[in-house]
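Throughout, protein chains are lettered first and strands after them, A, B, ... in sequence-line order, and every chain is numbered starting at 1. Here the structure is a predicted model, which means the values were calculated and not measured.
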Protein chains: 2
Amino acid sequence: MVGTPADADAGGVPALGPRQLGVYFALMEAVSLLQHQVEQQLRAEGDLSYVQFQLLARLASAGGDLTMTQLADGVVYSRSGLTYQAGLLEKAELITRRPSPDDERSTLVAITEAGLALVGRVLPGHVEVTRGLLFDSLSDDDLDHLGAIMTRVRDHMRAQPPRSAVPRKRKPSG
Amino acid sequence: MVGTPADADAGGVPALGPRQLGVYFALMEAVSLLQHQVEQQLRAEGDLSYVQFQLLARLASAGGDLTMTQLADGVVYSRSGLTYQAGLLEKAELITRRPSPDDERSTLVAITEAGLALVGRVLPGHVEVTRGLLFDSLSDDDLDHLGAIMTRVRDHMRAQPPRSAVPRKRKPSG
DNA sequence: TATTGTTATACTCTATAACTATA
DNA sequence: TATAGTTATAGAGTATAACAATA
């Protein structure tokens, strides 16, 4: 913990909602551990990164095709990054890309049969890992609460102006 | 959502606790968005990655020195990765490394005055970002619940045998 | 022999900027 | 002019394996 009451204002660490900081660090560490395990599973069973899995899952759940921009939303933070990942997935024949007839600037991305099959093959193990690490520790009530909280938080974050929180730059050490 | 009741068993996606999947995806996306914003802030105000911030924060809150192994725990998943990061932090004079007198295999890592100052300089903005994105959406009750849940989950994950969930390898597509 | 940490190396991923083409 | 996407490129980060030194 960084800002417990005891050491607040000692060593330059300001006194700032230690309870919230504790929650924040617990959240980040738990998700970090979960994500690491989940990545191991995806790599082992499907040779996929988590980002690639997210892209495939998004395409699998979308009714039809998605444009690159739609596909990127919330998963990848630069267009070139998505182009790179889409290139890999296309080379592995898990997705296809074709120009949109409506707007010829756009690229329509679709998941292939092989892509769907891979998602289907990987998902059980994926759920198994999350169950063992996350859901086994949660009561039904916890699950409801966590779901309500994180859905609200996620929607709030999505609605946020993307770069509102990058203030003036104060160059530090080097 | 990948496994809602409607499309379960359609397209190869098995029917597996859709409610849990929803909670899981909301959690992962929310934290991903939060982490991305937080990384922007740390980079802008302190020229730090999140991993580097974690390492400094851990050293700042530890009473005294930590060994490399202690420092790595939960933050970095390979020893060479920590050596790399420690090298950067040392070069920036934010930490020091020296051989342990007790066990001469070990390296003792300590945070410098500059390191403490940097943490102190970066933390307010960090808290500000998390407040805007996370805590503003949470009631006091939510905060209690989330804290209780994530602390329990984190401790459960920490106690887990690290590599229990990496079953047999089925090579997939490429 | 086991453990702590470093080094060498290869690889994955991301981001910025320049570019093309369409709206 | 603005938007969608790609390409080139550079940089950060990670992991594996081989290694040295100590327990």
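- Atom CD of B:Gln70 is separated from atom C1' of C:dG5 by 14 Å (rounded to the nearest Å).
- Judged purely by distance below 3.5 Å, without hydrogens or angles, the side chains of A:Asp103 and A:Ser100 never pair a donor atom with an acceptor atom.
- Both A:Arg97 and B:Gly81 lie close to DNA chain D; mapped to their nearest nucleotides by heavy-atom distance, the more 5′-ward contact belongs to A:Arg97.
- Salt-bridge check for A:Asp73 with A:Arg158: failed, with every basic side-chain N at 4.0 Å or more from each acidic carboxylate O.
- A salt bridge links B:Asp65 to B:Arg98: at least one charged side-chain nitrogen sits closer than 4.0 Å to a carboxylate oxygen.
- For A:Arg43, the side-chain atoms get nearest to C:dT12 when compared with the rest of D:dA15, C:dT12, D:dT14.
- Rounded to whole Å, atom P of D:dG13 lies 11 Å from atom NZ of B:Lys91.
- In this structure, the side-chain contact (heavy atoms from CB on, under 4.5 Å) partners of A:Glu90, at least two apart in sequence or on a different chain, are A:Ile95, A:Arg97.
- Heavy atoms of A:Val51 sit under 4.0 angstrom from primed sugar atoms or phosphate atoms, though from no base atom.
- Residue A:Ser49 is the one, among A:Ser49 and A:Glu104, whose nearest nucleotide of DNA chain C lies closer to the 5' end (criterion: closest heavy atom).
- With rounding to whole Å, A:Leu42 atom CG is found 16 Å from C:dT12 atom C1'.
- Smallest separation of non-hydrogen atoms from A:Tyr24 and B:Leu34: CE1-CD2, 4.1 Å.
- At the phosphate of C:dT12, neither OP1 nor OP2 sits under 4.0 Å from any side-chain N or O atom of A:Gln85.
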Look for any protein N or O under 3.5 Å of an N or O in nucleotides 1-4 of chain D and output each such pair with its distance, or none.
from: D:dT3; atom 1: O2; to: A:Arg105; atom 2: NH1; distance (Å): 3.2

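- If you check every strand for non-hydrogen atoms under 4.0 Å, B:Leu88 touches sugar and phosphate atoms only.
- Remark on DNA chain C: of its neighbouring residues A:Gln52 and B:Ser80, the 5'-side contact belongs to B:Ser80, judged by nearest-heavy-atom nucleotide.
- Across the protein-nucleic acid pair, A:Tyr84 atom OH and D:dA10 atom C1' stand 14 Å apart, rounded to whole Å.
- B:Glu39 places its CD atom 11 Å from the C1' atom of D:dA12, with the value rounded to the nearest Å.
- Connection of B:Phe135 to B:Leu27 is established within a shared hydrophobic cluster, with ILVMFWY side chains joined at heavy-atom distances below 4.5 Å, either directly or through further cluster members.
- Among the atoms of the strands shown, none is found under 4.0 Å from any heavy atom of B:Leu108.
- Checked against side-chain contact (heavy atoms from CB on, under 4.5 Å), B:Thr112 has the following partners two or more places apart in sequence or in another chain: B:Thr96, B:Ala114.
- For the pair A:Gln35 CD and D:dT14 C1', the computed distance is 14 Å after rounding to whole Å.
- If you take CD of A:Glu90 and C1' of D:dT6, they are 12 Å apart, rounded to a whole angstrom.
- Between the P atom of D:dG5 and the CZ atom of A:Arg98 lies a distance of 13 Å, rounded to the nearest Å.
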